[in-house]
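Quick note on labels: first sequence line is chain A, next is B, and so on, each numbered from 1. We use all heavy atoms of the structure for the numbers below, so side chains are in, but hydrogens, waters and symmetry mates are not.
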There are 2 protein chains.
Amino acid sequence: MKSKRQNNLSAAEWKVMRVVWDLKKAMAREVYTVAGEEHGWTPATVKTLLKRLVDKGYLNTTKVGNGFVYRPAHSAISILRDAADTLLGNAARGTTGPLLAHMLESSPLDEADLDSLQQLIDEKKKSLGSDDSKHK
Amino acid sequence: MKSKRQNNLSAAEWKVMRVVWDLKKAMAREVYTVAGEEHGWTPATVKTLLKRLVDKGYLNTTKVGNGFVYRPAHSAISILRDAADTLLGNAARGTTGPLLAHMLESSPLDEADLDSLQQLIDEKKKSLGSDDSKHK
DNA sequence: AGCTAACGTTGACATTTGTAAACGATTCGG
DNA sequence: CCGAATCGTTTACAAATGTCAACGTTAGCT
């Protein structure tokens with residue numbers, strides 16, 4: 001079961017996390033620079049967000065020099081999955097298919113990605129045929 | 001281009017919207033009942049959410065009897081797409097494929113949905129092979 | 001050893017969100 | 001035609017969020 005993560009990421013916190021996930025690990029300076037530049041934030045703002053992320057358990061720290069090295073406490077994909085589940089849970093009847101279609105269209109995917117997706121679709125189709133849980 | 005919708009839906013507001021989208025249109029009573037039951041909200045809470053949704057422009061109203069009929073101002077899919085774009089925008093490098101895979105796996109899709117997705121994948125594969133468009 | 005740049009912590013403040021009661025208007029059953 | 005059931009609006013209030021400055025600490029250069 002998924003550990004009920006009650007403290008969800010806010011919009012601003014997501015931006016910071018994306019930076020740290022991309023860098024794998026980062027020092028405050030790097031986050032100030034990248035995230036600050038990207039969103040027009042002052043270092044002060046980024047500091048607050050980093051602190052909140054640590055408090056919420058999304059970032060771990062290791063002391064180095066006068067500061068910390070920040071690193072993600074969870075993989076990006078696991079957090080993304082949770083967010084995706086929430087999104088899917090909000091999808092009204094009949095919108096799931098079109099939603100996935102849109103995402104597929106607007107995503108940059110490589111050959112390998114497309115292959116896995118193809119395979120998943122094939123499997124799903126197969127299990128649709130044998131699956132007698134379809135009541136139309 | 002996507003009209004910069006500054007007033008995003010909050011978690012609670014999404015729940016209410018999903019109910020109204022599913023019903024196509026609804027009177028306060030119905031929303032109290034369905035959404036209230038689903039989330040343990042009092043009618044008072046649902047009232048507040050409905051009002052905020054009207055103020056934010058997500059719901060339109062038509063006077064009927066002593067109250068309103070509420071109906072979505074935008075299609076569910078268009079709002080979902082915006083949310084999906086936000087999610088994809090937060091996806092760290094290399095996580096987009098796995099993210100889509102997860103969503104595909106955990107979504108209930110019918111034959112038609114799967115067919116459209118399959119086609120999209122085929123097209124994407126084609127354009128990957130021949131057309132090496134690296135433009136923006 | 002002393003100074004300074006950089007870091008984390010605290011404090012701040014306006015806005016949004018979650019949750020709900022109180023109040024006033026209005027419609028419908030009788 | 002009158003009162004009860006509803007509905008929408010107003011008010012409330014704590015917690016979360018977005019943004020940032022001030023302050024105290026410390027590492028690293030000189």
Base of [N] paired with side chain of [X] (donor-acceptor, under 3.5 Å):
{"X": "A/T45", "N": "D/dC20", "result": "no"}
{"X": "A/R52", "N": "D/dT19", "result": "yes"}
{"X": "A/K51", "N": "C/dG8", "result": "no"}

Within 6.0 Å of CD in A/Q119, more than 12 heavy atoms from elsewhere: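 Not buried by this count: 12 neighbours or fewer within 6.0 Å.
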NZ/A/K125: more than 12 non-hydrogen atoms of other groups inside 6.0 Å: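 Yes, the 6.0 Å shell around NZ holds more than 12 heavy atoms from other groups.
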Using whole Å, what does the distance between atom [atom2] of nucleotide [N] and atom [atom1] of [X] come to?
{"X": "A/Y58", "N": "D/dA16", "atom1": "OH", "atom2": "C1'", "result": "14 Å"}
{"X": "B/L53", "N": "C/dT17", "atom1": "CG", "atom2": "P", "result": "10 Å"}
{"X": "B/N8", "N": "D/dA16", "atom1": "CG", "atom2": "C1'", "result": "16 Å"}
{"X": "B/N66", "N": "C/dC23", "atom1": "CG", "atom2": "C1'", "result": "16 Å"}
{"X": "B/L50", "N": "C/dT19", "atom1": "CG", "atom2": "P", "result": "15 Å"}
{"X": "B/D55", "N": "D/dG8", "atom1": "CG", "atom2": "P", "result": "13 Å"}
{"X": "A/L49", "N": "D/dA16", "atom1": "CG", "atom2": "C1'", "result": "13 Å"}

CG on A/L104 to CG on A/L109, rounded to 0.5 Å: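 Interatomic distance, A/L109 CG to A/L104 CG, rounded to 0.5 Å: 6.0 Å.
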A/Y58 and A/H74 aromatic ring geometry - parallel, tilted or perpendicular at 30°/60° bounds: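 Correct class here is perpendicular.
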Review item, side-chain donor-acceptor pairs of residues 86-95 of chain A, under 3.5 Å, at least two apart:
{"residue": "A/T86", "atom": "OG1", "partner": "A/D82", "partner atom": "O", "Å": "3.2"}
{"residue": "A/R93", "atom": "NH2", "partner": "B/D22", "partner atom": "O", "Å": "3.1"}
{"residue": "A/T95", "atom": "OG1", "partner": "A/A92", "partner atom": "N", "Å": "3.0"}
{"residue": "A/T95", "atom": "OG1", "partner": "A/A92", "partner atom": "O", "Å": "2.4"}

Touch class at under 4.0 angstrom, heavy-atom based, for A/K63 against every strand present: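 Result for A/K63 = nothing.
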Residue pair A/K51, A/D55: steps toward the salt bridge (charged side-chain N to carboxylate O under 4.0 Å, His left out) verdict: CA-CA 6 Å; A/K51 178 107 180 34; A/D55 289 346; 3.2 Å; yes
Short side-chain N/O contact from B/K47 to OP1 or OP2 of C/dA22, under 4.0 Å: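 No, because none of the side-chain N or O atoms of B/K47 sits under 4.0 Å from OP1 or OP2 of C/dA22.
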Residues touching DNA chain C, which here means a heavy atom under 4.0 Å, drawn from residues 9-42 of chain A: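 Nucleic-acid contacts, sorted: A/A28, A/R29, A/Y32.
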Nearest-nucleotide 5' precedence on DNA chain D, A/A44 against A/V64: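 Nearest nucleotide further toward 5': that of A/A44.
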Which atom pairs, one a donor and one an acceptor, fall under 3.5 Å between side chains of residues 31-41 of chain A and the rest of the protein, sequence neighbours left out?
{"residue": "A/T33", "atom": "OG1", "partner": "A/R29", "partner atom": "O", "Å": "2.8"}
{"residue": "A/E38", "atom": "OE1", "partner": "A/R18", "partner atom": "NH2", "Å": "3.0"}

